[in-house]
2 protein chains.
Amino acid sequence: MNKARAVDTPDIPEASPAPLPRLGEMGLANFAPYLMNRITGRYNASLREEMAALGLTTAKMRALATLSVIERPLIRELAVYAVVEQSTLSRALDGLGADGLIRREPDPDDSRATRVQLTEAGRMAFESLWPHMAHAHEDMFRGISEEERAAFVATLQKVLRNIRKHDI
Amino acid sequence: MNKARAVDTPDIPEASPAPLPRLGEMGLANFAPYLMNRITGRYNASLREEMAALGLTTAKMRALATLSVIERPLIRELAVYAVVEQSTLSRALDGLGADGLIRREPDPDDSRATRVQLTEAGRMAFESLWPHMAHAHEDMFRGISEEERAAFVATLQKVLRNIRKHDI
DNA sequence: AAAGATTGATTGCAATTGCATTTTTTACTG
DNA sequence: CAGTAAAAAATGCAATTGCAATCAATCTTT
């Protein structure tokens, strides 16, 4: 009856905070975080086969991809860019190092810190992965105009700026 | 040398497949899958605290959220909507069932299949989670116009249609 | 310049996850 | 309609993951 009352008699409508929309009203298909989770889920799944062939986990793959673009980052920076927990990344780097795909180097200026670098073998491993990533990317935007893509990416960048915790 | 040849002498340029852009050229910040991973990573992380308070894992949370919108799906359908592996979902449902948040019911028409339903307690659990999800959602689009949001979601929907495997 | 606070990275441990397999039931095919 | 294939869900098991604690080095503050 509490419930019925709450629904039937909005006693203080003007004092109530912003009326929270309900998920059911807007629908899953209009909820951006849901859509992004679905999309990235499938994107990542589509790469899993190639990753498995190279003996890579998601964390290792992301580290490789990031290292192919960012030069000699600190491990903590790499963790942010690659969207991987630091402890997870630490172990991923162990594996990549054992396979000779990356190299850890002490930072010259801060002896707590470690920088990471792709080896030649690591670069080659990523090169063999990249076509599949590019292909999955192509698939995503099939039939979507260049303008729409650009606008979409621009919004993604704004959103990331809105919610990121680190300013990298 | 095979490699060198391929690079140096594009014998059949008109037959060569689309020249693959390099990740380094376009930059991480313009690669949509990367941006989406960063964003969903932070979105999910921002909910982890509330989830932990309710004793939920990501899989359980997604199942709850989906069940709040989709009525009595089959487990296999729920797995697609919630973007969770079936085996993972099966165990997540075990946990949710033990906590009395969901109920499994045999499908009347197919005795292999099981349908899942939110209990009243399950609905309340989701209700207590939803404000945080809505808030994280608000944060994402802070300062972004209604038109831009709408266009963004429309593109997300197109992308999902492009890459989804199931037609759910 | 010493003590405490902070930062970078690793590690112990438990828990979540994913793959492959199994079990049960339904669908298909000759 | 018998027999095989396929689908739905659950389970065994190994591996990835995340949290918390740890170790080491630097920064801060008085």
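First the proteins, then the strands, lettered A, B, ... as listed; each starts at 1.
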Q: Between P on C:dT10 and CG on A:Asp94, what's the gap in Å once rounded to a whole number?
A: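 Spelled out: CG on A:Asp94 to P on C:dT10 is 7 Å.
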
Q: Check B:Arg91 with B:Asp94, please: is the shortest side-chain N to carboxylate O separation under 4.0 Å?
A: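 Salt bridge flag = no for B:Arg91 with B:Asp94.
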
Q: Over all strands shown, is B:Asp107 touching base, sugar-phosphate only, or nothing at heavy-atom distances under 4.0 angstrom?
A: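 Nothing: the residue B:Asp107, judged by heavy atoms under 4.0 Å, touches no strand.
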
Q: Counting the atoms with a prime plus P, OP1 and OP2 as sugar-phosphate, which does A:Thr114 contact under 4.0 Å by heavy atoms, base, sugar-phosphate, or nothing?
A: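 Contact class for A:Thr114: sugar-phosphate only.
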
Q: Can you check whether any acceptor in the base of C:dT7 is under 3.5 Å from a donor in the side chain of A:Arg112, or vice versa?
A: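 Yes.
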
Q: Which part of the nucleic acid does B:Arg115 contact within heavy-atom distance under 4.0 Å: base, sugar-phosphate only, or nothing?
A: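 Nothing, no heavy atom under 4.0 Å.
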
Q: Mind checking whether B:Met133 and B:Tyr43 have side chains closer than 4.5 Å, heavy atoms only?
A: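 A side-chain contact under 4.5 Å exists here.
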
Q: Which distance, rounded to the nearest 0.5 Å, do you find between the CZ of A:Phe152 and the CE of A:Met140?
A: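 Rounded to the nearest 0.5 Å, the CZ-CE separation comes to 6.0 Å.
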
Q: Whole Å only: how far is the CD atom of A:Glu105 from the C1' atom of C:dA9?
A: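 These atoms are roughly 16 Å apart.
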
Q: Using a cut-off of 4.0 Å on non-hydrogen atoms, how would the nucleic acid contact of A:Gln86 be classed: base, sugar-phosphate, or nothing?
A: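 Base contact - A:Gln86 has a heavy atom under 4.0 Å of at least one base atom.
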
Q: For B:Glu85 and C:dT21, what is the distance between atoms CD and P respectively, to the nearest whole Å?
A: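 To the nearest whole Å, that distance equals 15 Å.
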
Q: NA contact type, B:Ser111, heavy-atom cut-off 4.0 Å: base, sugar-phosphate, or nothing?
A: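 Touches sugar-phosphate only.
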
Q: To the nearest Å, how far apart are A:Asp110 CG and C:dT7 C1'?
A: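 Result: 8 Å.
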
Q: Counting heavy atoms not belonging to A:Arg22, are there more than 12 under 6.0 Å from its CZ?
A: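 No, because the 6.0 Å sphere around CZ of A:Arg22 holds 12 heavy atoms or fewer from other groups.
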
Q: Mind checking which nucleotides bracket the chain B contacts on DNA chain D, 5' to 3', with an atom under 4.0 Å from a heavy atom?
A: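 From 5' to 3', the first and last contacting nucleotides are D:dA7 to D:dC19.
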
Q: Which value, rounded to the nearest 0.5 Å, describes the distance between B:Arg42 atom CZ and A:Ile163 atom CD1?
A: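 Reported value, rounded in 0.5 Å steps: 7.0 Å.
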
Q: From B:Arg115 CZ over to B:Asp107 CG, what is the distance, rounded to the nearest 0.5 angstrom?
A: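 B:Arg115 CZ to B:Asp107 CG: 4.5 Å, rounded to 0.5 Å.
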
Q: Which part of the nucleic acid, if any, lies within contact of B:Arg48, taking any heavy atom under 4.0 Å across all strands shown: a base, the sugar-phosphate backbone alone, or nothing?
A: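 Answer is sugar-phosphate: B:Arg48 comes under 4.0 Å of backbone atoms only.
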
Q: Want to settle it: does B:Ala92 or A:Thr88 sit nearer the 5' end of DNA chain C, counting the closest nucleotide to each?
A: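 Of the two residues, A:Thr88 wins.
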
Q: Can you label the angle between the B:Trp130 ring and the A:Phe31 ring as parallel, tilted or perpendicular, going by 30° and 60°?
A: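 B:Trp130 and A:Phe31: tilted rings.
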
